> 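Have a look at the structure that comes next, please.
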Amino acid sequence: MRTAVDPHVHLHPAHDFDRALTAAERAAGALGGRLICCLVEMPGQDVFRRWRDAGEVAGRRVRVLDQGRLLELRKNDEGAAVFFAPGRQVATAERLEMLSICGEGDLPAGLSLAESAVAAREAGGLSVTPWGVGKWTGGRGQTVIESLRADPDLLAGDNGGRPVGWSSVPLDLARELGRTVLPGSDPLPLPGGASRLGSLGVWVDVPDLPGDGSSSSASEGEIGEGGWLAALRSALTGVGPAPATFGRHVGWPGLVLDQFRMRLGKSSASTASPPGDRAPEEGAA
């Protein structure tokens, strides 16, 4: 079944869940009625687990599928269905990002990029290092290049914050190597970031979603070992260096405004509380 997937989704403390889910439902409605959001949670977050145990979130019924490895949130049986898969994000020793997409285990922070890629796979997920403003340049950019060359299982991530026309040597290299490149929305930790869920992603061919009410839904036995989440990981790995995508990147004005708001937010947080009382910003440049 051809399905829309946003492989890089955050739900930050600044986000209103109803606004985030409304955005995802709107995107799902425009993409055939279903959207899979691959949640990548920061250290200390446990949104997926809490939602799995909740039964209802922001007026949506929560259905636990695939033996707890997939959640469906839906307002009603006729509405658009949004599915959430688990995952993690950590900062590496080089201040790069590592994602474990569709992984069920935690990730240790502070490892090198190469070590973090291995840890992401050991956690059961795909190891993906995503593009970030200012992160893939200079020495850090060279680290990404060397890791892509050395690790054939390391995938590259693009995101909606990269304006069209902003070239990236590591992204170009990943494509030259035939490596999978996964674009996702990567919502920022700003209130407005909640509206970006489902704004960018890839099309994949996966077995029918479990428990979606369709008479053609695949059973777990038909899906194979590892269940439906493993099938999703395999499908994402197989989209290749130039996947079929949906959605759009922000433009240059949007990038400038986003960066201004991010820095304004950090400045406000610094003024409001002593440095020792604040957690480090994940994903800071």
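Note that the coordinates shown come from a computational prediction; the quantities given were computed from them, not determined experimentally.
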> Between Ser127 and Arg121, do the side chains contain an N or O donor and an N or O acceptor separated by less than 3.5 Å?
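Judged by distance alone, the side chains do pair up.
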
> Do Leu232 and Trp203 belong together in a cluster built from hydrophobic side chains that touch within less than 4.5 Å?
no

> Please give me the minimum heavy-atom distance between Asp16 and Arg19, naming the atom from each residue.
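That would be OD2-N, 2.8 Å.
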
> Using a cut-off of 6.0 Å, state whether more than 12 heavy atoms not belonging to Arg61 lie near its atom CZ.
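Yes, the 6.0 Å shell around CZ holds more than 12 heavy atoms from other groups.
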
> Locate the shortest heavy-atom distance separating Ala123 from Asp106; write the atom from each residue and the value.
CB-O, 3.9 Å

> With a 3.5 Å distance limit and no angle check, can you tell me whether Arg233 reaches the backbone of Gly124 through a side-chain donor-acceptor pair?
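Flag set: sc Arg233 to bb Gly124 pair under 3.5 Å.
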
> How long is the span from the CG atom in Leu99 to the OG1 atom in Thr129, to the nearest 0.5 Å?
7.0 Å

> Taking the side chain from His249 and the backbone from Asn159, do they hold a donor-acceptor pair closer than 3.5 Å?
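Yes; at least one donor-acceptor contact below 3.5 Å.
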
> Ser147 side chain to Val144 main-chain N or O, any donor-acceptor pair under 3.5 Å?
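No, because the side chain of Ser147 does not come within donor-acceptor range (under 3.5 Å) of the backbone of Val144.
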
> Run the numbers on Arg26 and Ser199 for side chain to side chain donor-acceptor pair (under 3.5 Å), then give the verdict.
CA-CA 10 Å; Arg26 187 179 302 115; Ser199 61; over 6 Å; no

> Should Met98 and Leu154 be marked as a side-chain contact (heavy atoms from CB on, under 4.5 Å) after you check the CA-CA gap, both sets of side-chain angles, and the distance that decides it?
CA-CA 10 Å; Met98 177 57 61; Leu154 176 60; 3.8 Å; yes

> Run Val239 and Leu182 through side-chain contact (heavy atoms from CB on, under 4.5 Å) and show every step you take.
CA-CA 8 Å; Val239 298; Leu182 293 175; 3.7 Å; yes

> Does some side-chain heavy atom of Trp131 sit less than 4.5 Å from a side-chain heavy atom of Asp186?
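In short, these two side chains do not touch, never coming nearer than 4.5 Å.
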
> Check step by step if side-chain contact (heavy atoms from CB on, under 4.5 Å) holds for Asp18 and Arg60.
CA-CA 9 Å; Asp18 180 67; Arg60 280 83 170 171; 2.6 Å; yes

> Please report the shortest heavy-atom distance between Gly184 and His8, naming the atom on each side.
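Taking every non-hydrogen atom into account, CA-CB, 4.0 Å.
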
> Do Val202 and Pro183 have side chains that get closer than 4.5 Å, going by heavy atoms?
yes

> Other than Leu73, which residues form its hydrophobic cluster under the rule that side-chain heavy atoms must be closer than 4.5 Å?
Val9, Leu11, Phe17, Leu21, Leu39, Val47, Phe48, Trp51, Val57, Val62, Val64, Leu71, Val82, Phe84, Leu197

> Would you mind checking if Arg52 and Asp46 are paired as a salt bridge, meaning a charged N to carboxylate O distance below 4.0 Å?
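Between Arg52 and Asp46 there is no salt bridge, as every charged N stays at least 4.0 Å from the carboxylate O atoms.
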
> Begin from the C-alpha positions of Ser116 and Leu96 and carry the test side-chain contact (heavy atoms from CB on, under 4.5 Å) through to its verdict.
CA-CA 10 Å; Ser116 296; Leu96 294 162; over 6 Å; no

> Can you check whether Glu176 reaches Pro241 side chain to side chain, under 4.5 Å on heavy atoms?
no

> Quick test of your reading of the model: are Asp66 and Arg69 salt-bridged, counting only N-O distances below 4.0 Å?
yes

> With hydrophobic residues grouped by side-chain heavy-atom distances under 4.5 Å, do Val204 and Trp228 end up in a single group?
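Yes; tracing contacts between hydrophobic side chains, which count when under 4.5 Å, links both residues.
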
> Give me the atom names and distance for the closest heavy-atom approach of Met42 to His10.
CE-CE1, 3.5 Å

> Looking only at heavy atoms, which two atoms of Ala156 and Val128 are closest? And how far apart?
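Reported closest heavy-atom pair: C-CG1, 3.7 Å.
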
> If we ignore hydrogens and angles and just use 3.5 Å, is the side chain of His15 paired with the main-chain N or O of Leu188 as donor and acceptor?
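Judged by distance alone, yes, a pair lies under 3.5 Å.
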
> Please round to the nearest 0.5 Å and tell me the distance separating atom CD of Gln142 and atom CD of Glu94.
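Output value for this atom pair is 12.0 Å.
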
